Protein chains: 2
Amino acid sequence: MDTTEELQDFIANGHKTFIPHVSMDNAIFGYHDHQLKILLSQYKAIEGYCLPGGYIKRTETLDQAAKRIVKERTGLDDLYLQQYKTFGDPGRIKWNEMDFEKFSEMAGVKHIKDSWLMDHTISIGYYAITDFSLVTPKSDLSSYCEWFNIDEVPPLLYDHDDMVKESLQALRQQLYYYPIAAKLLPEKFTLTEIHAVYETILGKKLDIRNFPKKLVFLGLIKKLNEKRNIGPHRAPYLYRFDMKKYNKALETGTTLT
Amino acid sequence: MDTTEELQDFIANGHKTFIPHVSMDNAIFGYHDHQLKILLSQYKAIEGYCLPGGYIKRTETLDQAAKRIVKERTGLDDLYLQQYKTFGDPGRIKWNEMDFEKFSEMAGVKHIKDSWLMDHTISIGYYAITDFSLVTPKSDLSSYCEWFNIDEVPPLLYDHDDMVKESLQALRQQLYYYPIAAKLLPEKFTLTEIHAVYETILGKKLDIRNFPKKLVFLGLIKKLNEKRNIGPHRAPYLYRFDMKKYNKALETGTTLT
DNA sequence: TTCTATTTGGTAAAATTTACACAATAAAGA
DNA sequence: TCTTTATTGTGTAAATTTTACCAAATAGAA
């Protein structure tokens, strides 16, 4: 939403387009060159950071909603997306009087408290991950948006600390099963690059010599007959993901380490 | 709900107590003596089976809601409960004219279609598991409830086939990490008994001699200085779960097979 | 006392994971 | 052209874990 009119219409009539009482908050992770970040947004009316979120259209699937909301913030279409948990404890959103006042003022709407937005709302959690160098976070009328290093995330509003913790846990687990790294690397990549993806996301060291063995043995990545010349030293071979093998491994349940 | 009055009040005023647009459907699994079953319910007004479900009170947490809904059907308090996925695709619930008519008639309410119940509703999925020999399924005014063998589940209404599939998958995965078997066995049990739990839930054979090794090695179960005399053959030792070790294993991420 | 049915302990083989060292080589600089 | 530098590629032995089995132990029935 970029104009006050749109926002006012959303407050007055959004419940006709969107499912009331149900929201979606997305943990959008970004990886690039040994760094893991997460996208946080800050409402202009309310002090503090939270995960970027939105509402679900009555006509779209949950996956579509997640994709749309993530695209609104990142401009990207092709990220790895996964539902991980739904949050709905009573009192998960706590606004004080000043929050209401500021929001009322910002939106130019009087009876905010009576709005469909202010009734008890659960939140479906998705996480996403992409290369953050491809993204210019998009702010809108009511919030700024910005990347934070994963170990420099400030305390967040509502139950969003939980969300970050649980989504990161889900991401780390699923890195072993799903071709997540494929969305974070160019089509052809070196072993050093994919090694860095795993080390950074998992937050621990992995032996560079042993790391590729199983990946190659299972056929999940394939060595190409090409090298990349990147400096005064031996040139690394390039590799590529084999999605067919990955899907087969998913079915049979074979897993890395 | 056991009376027509209660049902009518629920239809007219339920949205004040419960969160509208949000429901909960529970895959309640039952294990006993090599058998895995699931609890299905059949509306009296509507043809076909589905998972037992309910709505979430505005004052309770999601876990509390799941516990309450499961208790309504099983009478039990102490089952293993876990959220696994939320479902919310448009058109997930399809009622035809006859369904509306029958339900109207059963409830004695005219304008069912205008009710809060009939608006687009998402469903939070929990699964539960317990010993089915402890349970007498409770039916109520609008539905019967009954155990089905897991491999004899008929096609279900709505998106509930998906729910069974995904919840079973989650159960099987989590059996490796969480002390689920502890809720399915007496406090003291034999290796043969716990072996049967794993084989039955996972749906595959596990070598009886190798099976206990890791469980015992990790200290998750502890051998007692007691035997149980059950027939004309060597008496098996009894074992007990060590919950402290289990929780420690959960934190450090050690896993079975 | 013998027999039956089941449990238990143990061990060798196979598979997987871990630890670790040095040769190969692209290109920058002399 | 040769040397130097920084990184990548390959291989193997050791340690650990998993798998596949056999034979002894034993409670109670016959």
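Being a predicted model, the structure only gives us computed values, none of them experimental. Lettering of chains follows the sequences in order, A, B, ..., and the numbering in each one begins at 1.
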First of A:P232 and A:K213 reached from the 5' end of DNA chain C, by closest nucleotide: A:K213
Look at all strands and tell whether B:K227 reaches a base, only sugar-phosphate, or nothing, counting heavy atoms closer than 4.0 Å. sugar-phosphate
What's the shortest heavy-atom distance between A:Q174 and A:Y127, and which atoms? OE1-OH, 2.7 Å
Taking the six-membered ring for Trp and the full ring for Phe, Tyr or His, determine whether the centres of A:F148 and A:Y49 are under 6.0 Å apart. yes
Give a yes or no on whether a donor-acceptor pair under 3.5 Å exists between the nucleobase atoms of D:dT8, that is its base, and the side chain of A:K223. no
Answer yes or no: does a side-chain N or O of B:T190 lie under 4.0 Å from OP1 or OP2 of C:dT7? no
Just call it for B:N210: base, sugar-phosphate, or nothing, with non-hydrogen atoms closer than 4.0 Å on any strand. base
Roughly, in whole Å, what's the span from NZ in B:K205 to P in D:dT19? 17 Å
Looking at D:dA27, does its base get a donor-acceptor pair with the side chain of B:R228 below 3.5 Å? no
Assign each of A:H233 and A:R209 the nucleotide of DNA chain D bearing its closest heavy atom; nearer the 5' end lies the nucleotide of A:H233
Could you pick out which residue, B:F217 or B:D207, lies toward the 5' side of DNA chain D when each is mapped onto its nearest nucleotide? B:F217
Distance check: side-chain N/O of A:K214 vs OP1/OP2 of C:dT17, anything under 4.0 Å? yes
Nearest-Å distance, CG (B:L206) to P (D:dA20)? 11 Å
Quick one: are the ring centres of B:Y178 and B:Y246 less than 6.0 Å apart? no
Ring centres of B:F132 and B:F29 under 6.0 Å apart? no
Has the side chain of B:R234 got a donor or acceptor atom sitting under 3.5 Å from an opposite partner on the base of D:dT26? no
